[in-house]
S.K.: 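There's a structure below that I have some questions on.
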Protein chains: 2
Amino acid sequence: MERVTMADVANKANVSKSTVSQYINNRFEYMSLETKKRIECAIEELNYQPNIIARSLKQKKTYTIGVIVANILHTFSTQVIRAIEDECQRKNVNVIVCNADDQPSKERKYIETLRAKQVDGLIIFPTGGNLDLYKKLEKSGYPLVFVDRTVENTDITSVLLDNEKASSLAVDHLVGKGYRNIAFLTTSIEMNITPRIERMDGFKKALQKHNLPLLEQLFAGEEIHKMQEKMHFMFSQDKVPDAIICGNDLTLLEVLKFCRKKALTIPTDVALVSIDEVSFSEIYNPPITVVTQPSYEIGTYAAQQLLQKADEHEKTEETIIRFEPKLVVRSST
Amino acid sequence: MERVTMADVANKANVSKSTVSQYINNRFEYMSLETKKRIECAIEELNYQPNIIARSLKQKKTYTIGVIVANILHTFSTQVIRAIEDECQRKNVNVIVCNADDQPSKERKYIETLRAKQVDGLIIFPTGGNLDLYKKLEKSGYPLVFVDRTVENTDITSVLLDNEKASSLAVDHLVGKGYRNIAFLTTSIEMNITPRIERMDGFKKALQKHNLPLLEQLFAGEEIHKMQEKMHFMFSQDKVPDAIICGNDLTLLEVLKFCRKKALTIPTDVALVSIDEVSFSEIYNPPITVVTQPSYEIGTYAAQQLLQKADEHEKTEETIIRFEPKLVVRSST
DNA sequence: CATTTTTAATAAATCGGTTTAGTTATTTAT
DNA sequence: ATAAATAACTAAACCGATTTATTAAAAATG
C-alpha cells in the first residue's frame with residue numbers, strides 16, 4: 001500500500017526529482033544516456049507509477065472530462081456515451097459519466113462536484129432546469145458542449161439531431177404507405193425538452209404539408225406511467241389511429257406493451273414507426289421501422305468539440321450543429 | 001476561468017487559510033460565530049469552491065472508485081453499474097466506469113491509469129487475462145472486488161450469480177414442460193469466463209439429473225459472429241433441438257435472429273429460455289421466459305463490499321458471494 | 001493574584017508532482 | 001588563454017488544499 005514516489009526513484013537513481021520528472025515526461029534532451037538508464041532501472045525496480053493527482057494540481061489539467069446525461073435509460077444516450085468514450089480514449093482523456101435522472105437538482109450537484117474535481121470540460125444532455133448555472137459556466141469560459149438538447153438564451157455549442165426532419169421522414173413514409181390517421185406519442189413535453197418539442201412540431205408541420213387534419217386526440221406528450229391510459233383513450237375515440245409514431249425508444253416500449261395487451265396486430269391493425277433505434281428492432285415480430293440518429297457521429301463530434309475547446313480554450317464558431325436522421329424501413333409499416 | 005482559492009477567501013475574510021479549511025470541513029468548534037459568518041460571506045461573495053484535487057493530494061483519498069467492466073454490451077453489466085452508482089452516490093463517492101471490451105490489454109491499461117488517478121478502489125468484471133496484476137493488487141492490499149466472474153488462484157472477493165443453479169432452473173422448467181432435446185448456446189467459452197463455464201456445466205449436470213443424454217451437437221460456446229453458422233449446423237443434425245437455452249442476452253439476440261431467418265415459430269418449433277433479462281422480454285412476440293439475476297442487488301453488494309474495504313482497510317471474510325437466480329416463465333416455453 | 005485551562009486562531013509543513021531559474025563542468029569559439 | 005556556449009544536471013518555488021504544532025488572549029481555578 002505504501003506508494004512509491006518520485007523522490008524514491010530519484011534517491012535510488014542518485015539524481016534529483018527534477019530529472020526524474022523530465023524522464024517521466026519524455027524530455028530526454030538534457031540527460032545523459034547513462035542517467036536515463038539509471039532512472040529507467042529505478043522505476044522498474046521500485047515499480048513506480050506517477051501520481052496523476054499531484055500532476056493535475058500543478059498543471060491545472062486533469063485529462064478528464066465529465067458527461068452528465070439527462071436520462072441514461074435512452075438507448076441514444078448510451079450510444080452517444082460510447083462514442084464520447086471512444087473518442088476520448090483516442091486522445092488519452094478519461095470520462096466520468098453521471099446520470100441526472102431527469103432531475104435538475106441532480107444535474108446541478110453533478111456539475112458542481114465535477115467542477116470541483118477540476119474536470120477539463122463538460123458534455124451535458126441538459127435537463128434545462130439550471131439556466132443560471134449554464135450561463136455562469138458559459139460566461140466563465142468553461143469548456144461546455146450540449147448534446148441532444150439546446151437551451152434557449154445561451155450560445156453554448158449544441159450537437160443534436162434535425163428533429164423536425166426525423167418526424168417528417170416518418171410522416172412522409174407513412175403517408176406514402178397510405179396511412180391517414182397518424183398518431184404521435186412521446187414522453188412528457190412539460191419540461192420543454194428539445195427533441196420532444198421539435199419532433200412534435202415536425203410532426204404537425206408534416207401533417208399540414210400533406211394536407212392532413214391535425215386532430216387533438218392523435219398527439220400527446222405524456223408521462224411514461226400514464227401512457228397506457230392515454231393510449232386507451234386514443235383508441236376509444238371515433239378516429240382510431242392506423243399508425244403511431246413513437247417519439248423515442250421508451251415510448252415505443254409502452255406502445256408495444258399496449259399492442260400486446262389489446263392484441264393489436266402490427267402493421268395491419270396499427271402501423272408503427274419509432275424515432276430512435278432499439279436493440280430489438282430487427283428481430284421483433286414484425287421488425288420495426290425506425291428513424292435513426294447517427295448517435296455515434298453525434299457523440300464523436302461532441303467530444304471533438306469539447307476537447308478542442310479544452311485544448312485551445314477558444315470558442316468554436318458554430319453553436320448549433322444538426323445531424324441528419326435516417327429512415328430504416330422494416331415490416332411494422 | 002481564474003479560479004478562487006482558499007487563500008482568496010482567507011484574505012477577504014481576514015483569517016488564515018487554516019481557519020477557512022476548518023470551516024470547509026465543518027469543524028466549527030474552535031471558531032467564533034463572528035469569524036464563521038465572515039468566512040461564510042467571503043465564500044458566498046467569491047463563489048468559492050474547494051479544489052478537490054488539492055484535497056485528494058493531501059488526504060490520499062479521492063472519494064472516487066473505478067469500475068472496469070469486461071463488456072458493457074451485456075444488459076447485466078449496465079444494470080450492475082447502475083446499482084454501483086446509486087450505492088456510491090449515497091456514500092458520496094464518484095464512479096469512473098471503463099469498458100475493457102473483453103480485451104485484457106485494455107483492462108490492464110485501465111487498471112493502471114485508474115490507480116495512477118488514485119481511485120480508492122476498483123470493482124472489476126475481470127477479463128481473466130491479467131492474473132499477475134490481480135495478484136499484485138491483492139498482495140498490496142488494494143481494495144478490489146470482482147463481479148460476475150471469479151479468477152482462479154486468487155482470494156479476491158467475488159460477487160456473482162449461482163450460475164449452475166441458473167442453468168438448472170432453466171432445464172428443470174423445460175423438462176417439466178416436456179421438452180427433451182434441449183440445446184445450450186452461449187458466447188465463446190475459450191477464455192474461461194466464469195458464468196459461461198458454470199452455466200454450461202450446470203446445464204450438463206441438470207441433463208444428467210434428468211437422465212437425458214448429453215449430445216455433443218446440442219451445446220456450444222461460440223463467438224458471436226459464428227453463431228448463425230453454428231445454429232445452422234445444430235438444426236441440420238438428426239436430433240433437432242426442441243428447446244434452446246441462451247447462455248446470455250447477446251446469445252438470445254442471435255438465436256432470435258436465427259429463428260426469424262428460418263421462420264421458426266416460438267415455442268411450437270422451438271422453445272426458448274434466456275439466462276439474463278433483456279429489455280424486450282415482456283413485449284416480444286411471444287414474451288420470453290428468462291432466468292434473471294438480481295443484478296441490482298449484486299451491484300449494490302459489490303459496492304458495499306468495496307467501500308467497506310476502502311474505508312476500514314480490512315479484509316472482509318467471505319471471498320465468493322453467490323446470489324440466487326430466479327425463473328420468470330413467459331410464453332416462449 | 002498567579003497559574004492553569006480553554007478558546008480562537010495561525011504559521012508552517014506536507015502531499016507528490018512540475019517548472020523555473022540557476023549551477024557546474026566541459027567543450028567550443030575567439 | 002579567455003570568453004562564450006552547451007550539456008547535464010539541481011534547488012527551490014509552486015499548485016491548493018489539510019493538518020500539526022504553536023501562540024496569544026481570555027476565562028477558570030486555586
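All of these numbers come straight from a predicted model, not from anything done at the bench.
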S.K.: How sharply is the helix from dC1(C)-dG30(D) to dT30(C)-dA1(D) bent, taking the axes over five pairs at either end and rounding to 10 degrees?
M.R.: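 What I find for the helix from dC1(C)-dG30(D) to dT30(C)-dA1(D) is an axis angle of 50°.
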S.K.: Roughly, in whole Å, what's the span from CD in Gln59(B) to C1' in dT14(C)?
M.R.: 13 Å
S.K.: So, Asn71(A) side chain and Asp101(A) main chain: donor-acceptor pair closer than 3.5 Å or not?
M.R.: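 Not a single qualifying donor-acceptor pair exists.
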S.K.: I need the residues from residues 40-51 of chain B with at least one non-hydrogen atom less than 4.0 Å from DNA chain C; give them sorted by number, or say none.
M.R.: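 Within residues 40-51 of chain B, no residue comes under 4.0 Å of DNA chain C.
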S.K.: Round to the nearest Å and state the distance from Arg3(B) atom CZ to dG16(D) atom P.
M.R.: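 Taking CZ of Arg3(B) and P of dG16(D), I get 10 Å after rounding.
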S.K.: Has Glu29(A) got more than 12 heavy atoms of other residues, nucleotides or ligands less than 6.0 Å from its CD?
M.R.: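 Buried by this count: over 12 neighbours within 6.0 Å.
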S.K.: Over how many whole Å does the gap from Ile39(B) atom CD1 to dA8(C) atom P extend?
M.R.: 13 Å
S.K.: Looking at every heavy atom in both Gly129(A) and Tyr134(A), which two are closest together, and how far apart are they?
M.R.: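 Shortest heavy-atom separation between Gly129(A) and Tyr134(A) comes out as N-OH, 3.6 Å.
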S.K.: What does the B/S/- profile of nucleotides 4-12 of chain D look like, 5' to 3', with a 4.0 Å heavy-atom cutoff to protein?
M.R.: ----BSBBB
S.K.: Measure from the side chain of Arg27(A), starting at C-beta and using heavy atoms only, and say which of dG16(D), dT19(C), dT18(C) lies closest.
M.R.: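 Among the listed nucleotides, the one closest to the side chain of Arg27(A) is dT19(C).
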S.K.: Send over the distance from Lys58(B) NZ to dA17(D) P, rounded to a whole Å.
M.R.: 14 Å
S.K.: Could you give the CD1-to-P distance, from Ile53(A) to dG16(C), as a whole number of Å?
M.R.: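 In whole Å, dG16(C) P lies 12 Å from Ile53(A) CD1.
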S.K.: Charged N to carboxylate O below 4.0 Å: is that the case for Asp311(A) and Lys61(A)?
M.R.: yes
S.K.: Does Arg82(B) count as lying over the ring of Tyr296(B), i.e. NZ or CZ under 6.0 Å from the six-ring centre, within 45 degrees of the axis?
M.R.: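 So Arg82(B) doesn't make the cation-pi contact.
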S.K.: Should Ser21(B) be listed as having a side-chain N or O under 4.0 Å from OP1 or OP2 of dA17(D)?
M.R.: no
S.K.: So which heavy atom on Thr150(B) is nearest to which on Leu160(B), and how close?
M.R.: CG2-CD2, 3.9 Å
S.K.: Are Phe125(B) and Phe146(B) an aromatic pair, judged by ring center distance below 6.0 Å?
M.R.: no
S.K.: How many Å lie between CD on Gln118(A) and C1' on dA17(D), as a whole number?
M.R.: 11 Å
S.K.: Salt bridge check, Arg90(B) against Glu87(B): does any charged N sit closer than 4.0 Å to a carboxylate O?
M.R.: yes
S.K.: What is the distance, rounded to the nearest whole Å, between atom NZ of Lys61(A) and atom P of dG16(D)?
M.R.: 16 Å
S.K.: Between Glu40(A) and Lys36(A), does any NZ, NE, NH1 or NH2 come within less than 4.0 Å of an OD or OE carboxylate oxygen?
M.R.: no
S.K.: Looking at Lys60(A) and dC15(D), is any side-chain donor or acceptor paired with a base atom of the opposite kind under 3.5 Å?
M.R.: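 No, no donor-acceptor pair under 3.5 Å.
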S.K.: I'd like to know if Lys60(A) and Asp120(A) make a salt bridge, using a cut-off of under 4.0 Å between side-chain N and carboxylate O.
M.R.: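 Asp120(A) and Lys60(A): not salt-bridged.
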S.K.: Salt bridge check: are Arg108(B) and Asp132(B) linked by an N-O gap of less than 4.0 Å?
M.R.: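 Yes, this pair counts.
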